[in-house]
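Below: the structure, in structure tokens.
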Amino acid sequence: PKSFRLSNLNSIEIHLISIGAAALGCLSLAYFVHVSGPKRNLNRIFSLSNISLALWNATDLVMYTMKSHPKAIYFDRLSYMAGIPVIYFFFKLCVEIAEAVPPRALVKLLKTISMVMSLLMLTPLVLKDVRIEGERLIEIPGPLYFVFITYFMGYLSYGLYLLFRQYRH
């Protein structure tokens, strides 16, 4: 029998193992942080953030196992949709750590944009197609992919801005 060696795996197999390990790591971290202080708001937000990351990773894992193209593209889009809570919880984490109070209107706008982005993720407007060629996963962006990137970077940047502003004082 052939012994298991990491060097015998192709890049997709390594990617799948990495995805599974990341998802399990996120779930474990979420569990231990939550158990250490379930009533602490920071712990709850951190745990939810890690559960979201695990879900984001897990949907990628499911996408790779799909035998039909329509199911694969659906799960890849679902993976992008699962990224929306990751962004939101990262922002909430930054707000909590910085002890910031962003304007209510801005928070409401960000939540609304998140809901719209969640719906857009399931359409070809953001992710047009996905193919696995040989050992490579190729995602073909849709015409609104730049909107997702702008949303992603804007939300994360604002959260980091709040953190840096707090620690400068």
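- When hydrophobic clusters are built by joining Ile, Leu, Val, Met, Phe, Trp and Tyr residues whose side-chain heavy atoms come closer than 4.5 Å, directly or via intermediates, M115 is not grouped with V107.
- Residues Q166 and L162 form no side-chain contact, since every pair of their non-hydrogen atoms from C-beta on lies 4.5 Å or further apart.
- To the nearest 0.5 Å, atoms OG1 (T150) and CD1 (I113) are separated by 11.0 Å.
- Taken from OH in Y74 to OG in S68, the straight-line distance is 12.5 Å, to the nearest 0.5 Å.
- Between the side chain of N43 and the backbone N or O of K39, no donor-acceptor pair lies under 3.5 Å.
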Could you walk me through whether L156 and F91 pass the side-chain contact (heavy atoms from CB on, under 4.5 Å) check? CA-CA 6 Å; L156 296 182; F91 172 74; over 6 Å; no
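- Minimum interatomic distance between T59 and A82 (heavy atoms only, all atoms of both residues): OG1-CB, 4.2 Å.
- Residues L120 and M81 form no side-chain contact, since every pair of their non-hydrogen atoms from C-beta on lies 4.5 Å or further apart.
- A donor-acceptor contact shorter than 3.5 Å is absent between the side chain of W56 and the backbone of V86.
- In this structure, CG in D129 is found 5.5 Å from CD1 in I140, a value given to the nearest 0.5 Å.
- Residues L16 and L61 have side chains in contact (heavy-atom distance under 4.5 Å, counting atoms from C-beta outward).
- Aromatic ring orientation, Y155 versus Y151: perpendicular (interplanar angle above 60°, classes split at 30° and 60°).
- Hydrophobic clustering (ILVMFWY, side-chain heavy atoms < 4.5 Å, transitive): F90 and Y167 are in one cluster.
- The two atoms that bring P124 and P143 nearest to each other are O-CD, 3.9 Å, heavy atoms only.
- A donor-acceptor contact shorter than 3.5 Å is absent between the side chain of H34 and the backbone of L29.
- Proximity of V126 to V147: side-chain heavy atoms (C-beta onward) are nowhere separated by under 4.5 Å.
- Heavy-atom neighbours of Y158 OH from other residues, nucleotides or ligands within 6.0 Å: above the threshold of 12.
- Checking side-chain atoms of S79 against main-chain N and O of F75 turns up no donor-acceptor pair under 3.5 Å.
- Residue I84 comes nearest to M121 through the heavy atom pair CD1-CE, 4.1 Å, listed as atom of the first residue, atom of the second, then distance.
- The heavy-atom pair separating H69 from V130 by the smallest distance is NE2-O, 3.1 Å.
- Of all non-hydrogen atoms in R77 and T123, the two that sit nearest each other are NE-O, 3.5 Å.
- Hydrophobic clustering, with ILVMFWY side chains joined whenever heavy atoms are under 4.5 angstrom apart, groups L122 together with I87.
- Hydrophobic cluster membership is shared by M63 and L127, with clusters built from Ile, Leu, Val, Met, Phe, Trp and Tyr side chains linked at under 4.5 angstrom.
- Side-chain contact between C26 and I51 is absent, with no heavy atoms from C-beta onward closer than 4.5 Å.
- Between the CG atom of L163 and the CD atom of E99 there is a distance of 11.0 Å, given to the nearest 0.5 Å.
- Annotation: side chain of L42 is in contact with side chain of L93 (closest heavy-atom distance under 4.5 Å).
- Note: L109 CG to S114 OG = 9.0 Å, rounded to the nearest 0.5 Å.
- D76 places no side-chain N or O within 3.5 Å of a backbone atom of A72 that could act as its donor or acceptor partner.
- When all heavy atoms of A23 and A58 are compared, the closest pair comes out as CB-N, 4.5 Å.
- Atom CZ of R44 is separated from atom OG of S49 by 14.5 Å, given to the nearest 0.5 angstrom.
- Within the 3.5 Å criterion, the main-chain N or O of L160 finds no donor-acceptor partner in the side chain of R165.
- At a threshold of 4.5 Å between side-chain heavy atoms, the hydrophobic network of Ile, Leu, Val, Met, Phe, Trp and Tyr places Y31 and V33 in two separate groups.
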Pair K92-L48, side-chain contact (heavy atoms from CB on, under 4.5 Å): steps then yes or no: CA-CA 10 Å; K92 293 281 288 176; L48 288 170; over 6 Å; no
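- Using modelled atom types and a 3.5 Å distance limit, the side chains of Y80 and E139 yield a donor-acceptor pair.
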